[in-house]
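Encoded as structure tokens, the structure appears first; notes follow it.
Basis for what follows: all heavy atoms, side chains included, without hydrogens, waters or symmetry-related copies. It should be emphasised that the depicted structure is a prediction, and the values quoted were computed from it without experimental measurement. Throughout, a chain's letter reflects where its sequence line sits, starting with A, and its residues are numbered from 1.
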Amino acid sequence: MSDAAEIMDTPAPDAATERPIIEIDDLRTYFYTRDGVVRAVDGVSFKVHRGETVCVVGESGCGKSVTAMSVLRLIPEPPGRIVSGAITFDGRDLLGLREEEMRDVRGNDISMIFQEPMTSLNPVLTVGRQIAESVVLHQGLGKKEAADKAVEMLDLVGIPEPVRRAREYPHQLSGGMRQRVMIAMALSCNPQVLIADEPTTALDVTIQAQILNLMLDLKQRLGTAIIMITHDLGVVAEVAQRVVVMYAGRKVEEAPVEELFARPMHAYTYGLMGSVPRLNVALENTGERERLQEIPGTVPSLREDIVGCAFAPRCAFATDHCRAERPELEEKRPGHVVACWESERVRAAHG
Amino acid sequence: MVDDMTQTAGAATGEVVLEVKDLKKHFPIHRGIISRVAGHVFAVDGVSFDIRKGETLGLVGESGCGKSTVGKTVLRLLEPTGGEIRLRGQDVTHLTGEELRTRRREMQMVFQDPYSSLNPRMSSGEIVGEPMENYGLATGKAKEDRVAALFERVGLRRENMLKYPHEFSGGQRQRLGIARALALNPSLIIADEAVSALDVSVKAQVINLMMDLQQEFELGYLFISHDIAVIEHISHRVAVMYLGKIVELTDKDTIFRTPLHPYTEALLSAVPIPDPQVKRERIILRGDVPSPINPPTGCHFHTRCPYAVDRCRAEAPPLTEVSPGHHVACHLREVGAGPVKLTPTKADAPVAAA
């Protein structure tokens with residue numbers, strides 16, 4: 001854990017001045033279904049710098065995965081479509097690229113790890129071959145070198161007996177090992193950006209700890225920028241440097257991780273933090289069972305036009321103003337932006 | 001809803017609702033065309049615990065440790081291979097037919113995925129009312145009234161009785177599952193990953209509801225989960241399982257403050273804390289959980305344990321009460337010795353640093 005702690009504390013080099021490696025600007029991704037238009041992502045912007053880990057947090061259906069898929073242009077079309085906005089990778093406009101050019105970016109410059117490794121690995125190919133395939137494709141290595149590279153990558157992600165494992169099929173590996181294979185594959189071409197969509201959600205906690213450690217360690221060694229999508233605030237606190245909170249297809253708050261946990265300013269973020277059961281190992285335990293803070297109701301449907309703040313119907317701080325007019329993002333403190341009319345009251349409530 | 005915001009841990013003094021002694025469930029593995037038995041999966045291998053009225057016993061462990069099998073075997077959805085299950089004093093281990101049906105009324109289950117456990121072709125009112133009719137508790141208007149009361153109690157509107165399961169959200173479906181479990185006035189509820197599939201904000205609603213209902217009806221809960229933070233929140237006592245056995249069992253505070261089993265210690269240290277200020281000592285376990293088909297000799301945990309000595313590889317440690325109410329199965333923990341810091345024995349022992 002010591003390594004991880006140090007990595008987290010190292011700020012991205014010249015984060016303020018350097019050109020971001022990924023820049024998402026006012027992204028809108030809609031799905032055109034028979035029942036109407038679903039505004040899955042509706043005007044999301046954020047940047048990621050080299051060597052930085054940004055976590056995107058939110059509940060099911062808030063648009064966090066669609067944002068990630070949009071970056072890689074993996075949105076199924078139809079029904080989905082990136083309606084407007086810009087995604088820039090190292091100065092290149094990704095949305096303007098032709099499909100062949102985009103294929104070159106995927107896996108080579110930007111890689112992705114999914115939640116369920118079993119569904120993203122090919123069941124009829126050995127894992128060694130699957131890793132080698134992407135190396136041959138993207139780096140132009142010969143078959144023999146690629147096979148060696150695959151074994152080397154398996155070793156790098158901590159799989160014991162990599163030579164033997166490289167000859168095995170996905171079903172012969174445990175869940176934790178499959179996720180390591182996915183990471184090995186994602187990192188085999190030294191991508192500059194790694195997008196991880198709930199990479200540890202399906203894993204047990206002791207395996208989750210192994211995988212998070214591995215990702216942070218690799219990040220430090222290879223300098224990869226990481227966009228991590230998760231709903232687990234514990235994971236966020238451990239790995240993130242900056243956090244983007246999404247609700248109903250929009251970014252509602254963004255801040256450096258310590259700032260966000262110390263001073264949440266959006267009522268939704270505040271509510272989320274209160275509703276998470278936490279291990280009170282560090283605190284004095286009273287032997288009593290406390291009630292959790294609830295957020296009443298459920299997330300709104302993204303098919304309907306939302307008037308005012310999307311969170312207002314569930315919000316304890318909501319006023320008539322919130323219900324009538326949507327709050328815009330505003331920088332309240334350095335690096336801390338929030339879209340909430342009542343952010344001062346929320347901040348006071350948390351303090 | 002309950003007025004006071006807290007519930008004391010002292011609820012655990014009432015009548016014993018469930019008593020499980022040395023419970024075993026082994027699944028045979030069949031091979032070949034004549035289906036000869038080629039081995040066994042030792043899913044549950046000698047598990048003992050009890051649950052009192054109004055008490056929650058949290059059963060925690062990683063995938064494949066046998067925690068769900070414990071739940072299903074207690075309910076007699078699976079036939080136990082050995083051991084004893086007593087429900088309010090009466091042995092139900094070998095009951096069959098009508099007798100079993102009668103006793104089953106007292107124990108109900110809430111599942112992880114409420115959608116697949118609700119009949120999609122019945123209205124939600126029928127789903128909750130059906131068990132009452134099956135057991136002849138109420139029919140007609142009386143049944144309707146009771147269903148309506150249950151709906152309101154779990155936070156669903158009375159009008160929702162006419163809706164079908166697909167018309168509800170995940171959290172509402174779980175409320176429906178809870179209402180159905182309550183329909184027969186059970187004394188024990190077995191909740192298997194009951195909140196694991198729910199979103200954070202909805203999870204809190206359902207946990208609170210279950211805690212309120214427990215207080216109101218003095219329910220005993222066997223709360224099975226892999227989510228340690230949820231277990232800590234809802235339990236009075238906690239049992240930690242590893243490869244078919246309970247390795248540690250004690251009250252919640254003790255287990256979280258002074259875990260004695262090396263597995264518990266590692267498990268707790270692996271849980272991410274939602275506070276970037278908290279930096280803890282973390283123990284990273286190597287490797288995966290071994291297969292329950294061919295569990296390691298001696299202590300099942302010795303293959304991953306940083307402190308294992310020769311004795312651990314040879315001899316299985318029994319679950320021993322080392323201090324009042326604190327049971328642990330580890331050779332390195334002696335009665336009355338307290339939480340002495342153990343010394344790693346392996347050269348490549350997991351790194352533990354602040």
Side-chain angles (χ1 to χ4, degrees), chain A residues 1-5 8 59-61 158 160 174-177 200 203-210 212-213 231-240 257-258 260-262 268 271-282 285-299 314, chain B residues 2 5-10 56 62-63 169-172 199-205 207-208 211-212 226-236 251-253 256-257 266-289 304 351-354:
Chain A
M1 188 58 217
S2 60
D3 303 349
M8 280 185 297
E59 295 178 272
S60 329
S174 68
M177 265 199 266
T200 58
L203 304 175
D204 281 317
V205 278
T206 61
I207 308 296
Q208 166 171 289
Q210 292 173 356
L212 292 180
N213 250 30
H231 67 277
D232 186 335
L233 289 176
V235 171
V236 172
E238 300 242 328
V239 305
V257 67
E258 285 89 3
L260 188 83
F261 280 83
Y268 176 62
L272 269 190
M273 287 181 183
S275 61
V276 179
R278 42 183 80 205
L279 270 185
N280 291 322
V281 271
N285 221 326
T286 54
E288 292 182 334
R289 299 191 305 169
E290 280 175 28
R291 287 175 61 82
L292 290 166
Q293 183 185 317
E294 292 179 19
I295 303 179
T298 46
V299 288
R314 305 175 71 189
Chain B
V2 197
M5 294 290 282
T6 56
Q7 303 172 11
T8 53
T56 304
E62 298 182 278
S63 351
S169 69
Q172 285 176 318
D199 264 323
V200 187
S201 65
V202 178
K203 192 183 277 191
Q205 298 170 5
I207 291 174
N208 283 345
M211 284 173 34
D212 291 343
H226 72 283
D227 188 334
I228 294 148
V230 169
I231 287 275
E232 195 229 5
H233 199 85
I234 202 165
S235 304
H236 296 105
D251 64 274
K252 177 182 83 178
D253 280 2
F256 287 99
R257 217 180 290 162
L267 190 66
L268 295 181
S269 83
V271 181
I273 304 282
D275 182 351
Q277 304 294 334
V278 177
K279 300 272 185 273
R280 290 182 307 152
E281 189 173 284
R282 161 164 292 183
I283 301 156
I284 304 283
L285 288 178
R286 307 218 160 187
D288 291 311
V289 183
R304 301 172 82 197
V351 277

> With sequence neighbours left out, what residues match B:D275 under side chain to side chain contact (heavy atoms under 4.5 Å, CB included)?
Replying inline: A:R278, B:I273, B:Q277, B:V278
> If you take all heavy atoms of B:I284 and A:Q210, which pair is closest and at what distance?
Replying inline: CG2-CG, 3.8 Å
> Of the non-hydrogen atoms in B:P276 and A:A237, which two are nearest, and what is the gap between them?
Replying inline: N-CB, 3.7 Å
> If you tally heavy-atom pairs under 4.5 Å against chain A, which of B:A204, B:A266, B:A229, B:P274 wins?
Replying inline: B:P274
>> Please determine whether side-chain contact (heavy atoms from CB on, under 4.5 Å) holds for the pair A:V205 and B:H226, giving the CA-CA distance in whole Å, both sets of side-chain angles, and the decisive distance to 0.1 Å.
In response: CA-CA 8 Å; A:V205 278; B:H226 72 283; 5.9 Å; no
> Any donor and acceptor pair, going by atom type alone, linking the side chain of B:N208 with main-chain N or O of A:L292 inside 3.5 Å?
Replying inline: yes
>> I'd like to verify something: which residue of A:G297, A:S275, A:G274, A:P296 has the highest number of heavy-atom pairs under 4.5 Å with chain B?
In response: A:S275
> Where does B:S169 contact chain A at under 4.5 Å (heavy atoms): side chain, backbone, both or neither?
Replying inline: side chain
> By a 4.5 Å heavy-atom criterion (distance strictly below it), what part of B:I207 contacts chain A: side chain, backbone, both, or neither?
Replying inline: side chain
> Between A:Q208 and chain B, which part of the residue has a heavy atom less than 4.5 Å away: side chain, backbone, both or neither?
Replying inline: side chain
>> Restricting to salt bridge (charged side-chain N to carboxylate O under 4.0 Å, His left out), what partner residues turn up for A:D232, sequence neighbours left out?
In response: none
> Could you go step by step and tell me if A:E294 and B:S201 meet the side-chain contact (heavy atoms from CB on, under 4.5 Å) rule?
Replying inline: CA-CA 6 Å; A:E294 292 179 19; B:S201 65; over 6 Å; no
> Does the side chain of A:T206 pick up a donor-acceptor pair with the side chain of B:E62 at under 3.5 Å?
Replying inline: yes
